[in-house]
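Just so it is clear: chains get the letters A, B, ... in the order the sequence lines come, proteins before strands, and each one is counted from 1. Since we're looking at a predicted model, the values are computed, not measured.
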Number of protein chains: 2
Amino acid sequence: MIRMGNSKNIPDIVIGRLPIYLRALNLLLAEQREYTSSHELGERLGISSAQIRKDLSHFGEFGKQGTGYNIAYLQEQIRQILHVDREWPMAVVGAGDLGRALVHYRGFVPRGFRVVCVFDNDPARIGERIAGLTVQPMSELASQIAAHRVQVAMIAVPLEAAQEVATQLVEAGVEAILNYAPITISVPDSVQVQYIDPVAHLQHMTYYLTPKT
Amino acid sequence: MIRMGNSKNIPDIVIGRLPIYLRALNLLLAEQREYTSSHELGERLGISSAQIRKDLSHFGEFGKQGTGYNIAYLQEQIRQILHVDREWPMAVVGAGDLGRALVHYRGFVPRGFRVVCVFDNDPARIGERIAGLTVQPMSELASQIAAHRVQVAMIAVPLEAAQEVATQLVEAGVEAILNYAPITISVPDSVQVQYIDPVAHLQHMTYYLTPKT
DNA sequence: CTCGAAATGTGAATGCGTGAACAAGCCTAG
DNA sequence: CTAGGCTTGTTCACGCATTCACATTTCGAG
Ligand SMILES: NC(=O)c1ccc[n+]([C@@H]2O[C@H](COP(=O)([O-])OP(=O)(O)OC[C@H]3O[C@@H](n4cnc5c(N)ncnc54)[C@H](O)[C@@H]3O)[C@@H](O)[C@H]2O)c1
Ligand SMILES: NC(=O)c1ccc[n+]([C@@H]2O[C@H](COP(=O)([O-])OP(=O)(O)OC[C@H]3O[C@@H](n4cnc5c(N)ncnc54)[C@H](O)[C@@H]3O)[C@@H](O)[C@H]2O)c1
């Protein structure tokens with residue numbers, strides 16, 4: 001059985017680790033390496049080798065006993081599992097400091113994503129050009145998202161506007177949202193949402209610190 | 001017993017949720033609300049009310065039966081638990097697109113953090129002023145971090161440079177690092193590390209999506 | 001060709017986190 | 001003052017995730 005449990009219900013936490021494995025495999029490839037092992041990967045990532053083997057075993061048998069994993073092959077398999085063996089067009093809403101950094105970011109394309117449109121509601125910003133894209137008014141959002149077949153969007157507007165923007169994105173057909181505004185948004189269950197809040201991470205760490213001053 | 005288990009070993013995953021609770025309390029306060037309940041918080045955050053009550057009970061008894069939680073009081077308690085009832089000075093390394101957005105970001109100060117210095121190794125960038133700060137050369141890193149009593153730093157350099165920068169930060173005395181470069185870094189166990197990799201979040205979501213084209 | 005070292009994939013055991021349920025306490029309405 | 005509804009803090013049971021440990025396979029050295 002080449003591919004067991006492919007359509008089974010894989011724990012979400014396992015899916016969340018696959019991008020980390022993929023990141024590590026990219027680096028190993030860049031180092032001209034051909035084979036690696038669950039032990040080496042675990043070492044680099046601070047994860048137990050048993051966990052890596054078990055995670056991968058949900059999707060098939062990618063390794064060889066005594067040898068380990070062929071890096072290029074495993075990388076390709078994980079890319080297929082995560083559906084990043086293609087390029088996802090993305091929309092960015094909010095062309096402020098963060099939004100502009102995201103549009104400029106060259107790290108998306110090599111990993112399966114490309115920003116294809118950017119929106120703002122500030123008349124002063126609309127029309128501005130960022131990395132080859134023109135900032136569009138919100139009135140263009142629905143039509144642009146449809147035209148570019150956009151399923152993935154990033155929200156980079158102030159928190160007061162985040163919920164409304166999320167609603168507009170969902171109505172336009174977006175199915176996955178990465179929200180940078182520090183607020184939990186409400187969307188239909190069928191829409192994927194992830195959050196990035198650097199302050200939450202910082203506060204998590206300061207719990208363990210003793211103030212110096 | 002007013003404060004039970006304060007020094008006990010609280011599960012790390014619980015600590016990770018406290019900033020989310022804090023974020024929600026900030027919003028409720030902004031809405032002029034005085035009391036809330038575990039049920040309301042759970043509703044807003046998509047978390048079960050039982051979990052919220054259990055998480056909080058690790059640190060003490062902050063609510064009143066029949067009434068719920070006083071928002072301002074609970075907020076203050078969580079701020080103390082997380083040690084953000086003060087302002088942590090922070091360093092930013094890397095004054096590129098992302099680093100500049102971080103230095104400009106006005107969301108740090110209201111939640112307990114302030115960027116006090118920023119570093120880069122590009123001669124063209126050194127001396128540049130960003131939001132009132134001057135970009136410093138890496139040779140200044142150790143002395144500046146000591147002078148400002150910096151314990152927390154953010155890494156916003158290309159991934160090739162991230163490990164070396166992390167090592168320098170640790171040597172300078174930094175105890176917590178928020179790493180934006182998409183690579184797992186190696187530091188002593190005594191140093192806290194958190195990662196932000198938007199692509200990892202995006203890839204996590206695309207697993208659940210069906211490509212439209 | 002044989003042997004030993006290395007590494008996978010997987011059941012079994014352990015440990016941890018989550019949700020259900022409830023006794024006890026608080027507040028308000030009447 | 002009392003009754004009823006609401007909410008907390010906590011116990012318990014369940015289920016999920018992680019780690020352990022090993023049979024099995026592969027490779028390379030001698
Ligand atoms: N800058 C950072 O480093 C950083 C880091 C983490 C999180 N964030 C979060 O990201 C978001 C954006 O941050 P920023 O620093 O870029 O802010 P910003 O103020 O520079 O940019 C926000 C942009 O959103 C636009 N906007 C406002 N309301 C809008 C609406 N209803 N529809 C469309 N566009 C709208 C504004 O015109 C502005 O251009 C904020 O929620 C912030 O908390 C920022
Ligand atoms: N721009 C984004 O939206 C974004 C999003 C997520 C993650 N990231 C990550 O954040 C990091 C920075 O991204 P960016 O877009 O700002 O890149 P950038 O190239 O614009 O900026 C990087 C800066 O780091 C400086 N630098 C390089 N090597 C250094 C060293 N050894 N010491 C000190 N400074 C050094 C460079 O001079 C440059 O100014 C990258 O690792 C990137 O993958 C960026």
Side-chain angles (χ1 to χ4, degrees), chain A residues 1-6 8-18 20-21 24-25 28 33-75 77-78 81 204 207, chain B residues 1-6 8-18 20-21 24-25 28 33-75 77-78 81 204 207:
Chain A
M1 198 165 19
I2 290 285
R3 191 64 63 77
M4 55 157 292
N6 192 14
K8 280 279 185 55
N9 239 25
I10 316 278
D12 184 68
I13 196 162
V14 172
I15 308 300
R17 279 191 292 264
L18 295 184
I20 309 304
Y21 301 159
L25 293 170
L28 285 165
R33 297 279 308 285
E34 196 173 354
Y35 280 88
T36 186
S37 66
S38 60
H39 183 74
E40 182 184 39
L41 277 173
E43 190 86 6
R44 292 203 180 200
L45 299 176
I47 293 178
S48 84
S49 61
Q51 178 154 88
I52 293 175
R53 289 199 303 277
K54 176 151 286 197
D55 283 353
L56 296 177
S57 76
H58 282 102
F59 304 95
E61 310 197 348
F62 304 127
K64 235 188 316 191
Q65 285 145 331
T67 308
Y69 301 93
N70 177 292
I71 296 172
Y73 175 73
L74 181 57
Q75 185 203 42
Q77 294 301 309
I78 297 183
I81 293 166
H204 188 157
Y207 171 81
Chain B
M1 198 164 20
I2 290 282
R3 193 62 67 75
M4 55 157 292
N6 192 14
K8 281 276 185 58
N9 238 24
I10 317 277
D12 184 67
I13 195 164
V14 172
I15 308 300
R17 281 191 292 264
L18 295 183
I20 309 302
Y21 302 158
L25 293 170
L28 285 164
R33 297 281 306 284
E34 195 172 354
Y35 280 88
T36 187
S37 65
S38 61
H39 183 75
E40 182 184 38
L41 277 174
E43 190 86 7
R44 293 202 179 203
L45 299 177
I47 293 178
S48 85
S49 61
Q51 177 154 87
I52 293 175
R53 291 198 301 278
K54 172 160 289 192
D55 284 352
L56 296 177
S57 76
H58 282 102
F59 304 95
E61 309 195 349
F62 303 127
K64 235 187 319 191
Q65 284 141 331
T67 308
Y69 301 93
N70 178 292
I71 296 172
Y73 175 74
L74 181 57
Q75 186 204 41
Q77 294 302 310
I78 297 184
I81 293 166
H204 188 157
Y207 171 80

Any A:Gln65 side-chain N or O less than 4.0 Å from OP1/OP2 of D:dT24: no

Close side-chain approach of A:Arg44 and A:Leu28, heavy atoms under 4.5 Å: yes

Touch class at under 4.0 angstrom, heavy-atom based, for A:Ile13 against every strand present: sugar-phosphate

Nucleotide nearest B:Ala50 when distance is taken to its side chain, options C:dT10, C:dA20, C:dG17: C:dA20

Nearest-angstrom distance from the residue atom CG of A:Asp55 to P of D:dC16: 16 Å

A:Leu74 side, atom CG; A:Tyr21 side, atom OH - distance, nearest 0.5 Å: 10.5 Å

Sugar-phosphate, base or nothing in reach of B:Ser38, heavy atoms under 4.0 Å: sugar-phosphate

Below 4.0 Å: OP1/OP2 of D:dG9 and any side-chain N or O of B:Tyr69: yes

Atom-to-atom span, CD of B:Gln77 to P of D:dG9 - whole angstrom: 12 Å

5'-most by nearest nucleotide on DNA chain D - B:Gly68 or A:Lys54: B:Gly68

Non-hydrogen side-chain atoms of B:Phe59 and B:Val14 separated by less than 4.5 Å: yes

Side chain to side chain contact (heavy atoms under 4.5 Å, CB included) assessment of A:Ile78 paired with A:Leu56: CA-CA 9 Å; A:Ile78 297 183; A:Leu56 296 177; 4.2 Å; yes

Nucleotide nearest B:Lys64 when distance is taken to its side chain, options D:dT18, C:dC27, C:dT8: C:dC27

B:His39 NE2 to C:dA20 P, straight-line distance once rounded to whole Å: 12 Å

Length of the CG-C1' vector between B:Asn70 and C:dC26, whole Å: 15 Å

Interatomic distance, B:Leu56 CG vs D:dT10 P [rounded to whole Å]: 11 Å

B:Thr67 or A:Thr67, whichever maps to the more 5' nucleotide of DNA chain D: B:Thr67

Side-chain heavy atoms of A:Tyr207 within contact of B:Ile10, under 4.5 Å: yes

A:Arg17 side chain, from C-beta outward: closest of D:dT18, C:dG19, D:dG9: D:dT18

Length of the NE2-P vector between B:His58 and C:dC16, whole Å: 12 Å

For atom CZ of B:Phe62 and atom C1' of C:dG25, their distance in whole Å: 18 Å

Distance below 4.0 Å between A:Arg53 side-chain N/O and C:dG11 OP1 or OP2: no

Value in whole Å for how far the P atom of C:dG9 lies from CD1 of A:Ile52: 12 Å

B:Glu61, nearest nucleotide to its side chain (from C:dG11, D:dG9, C:dT8): D:dG9

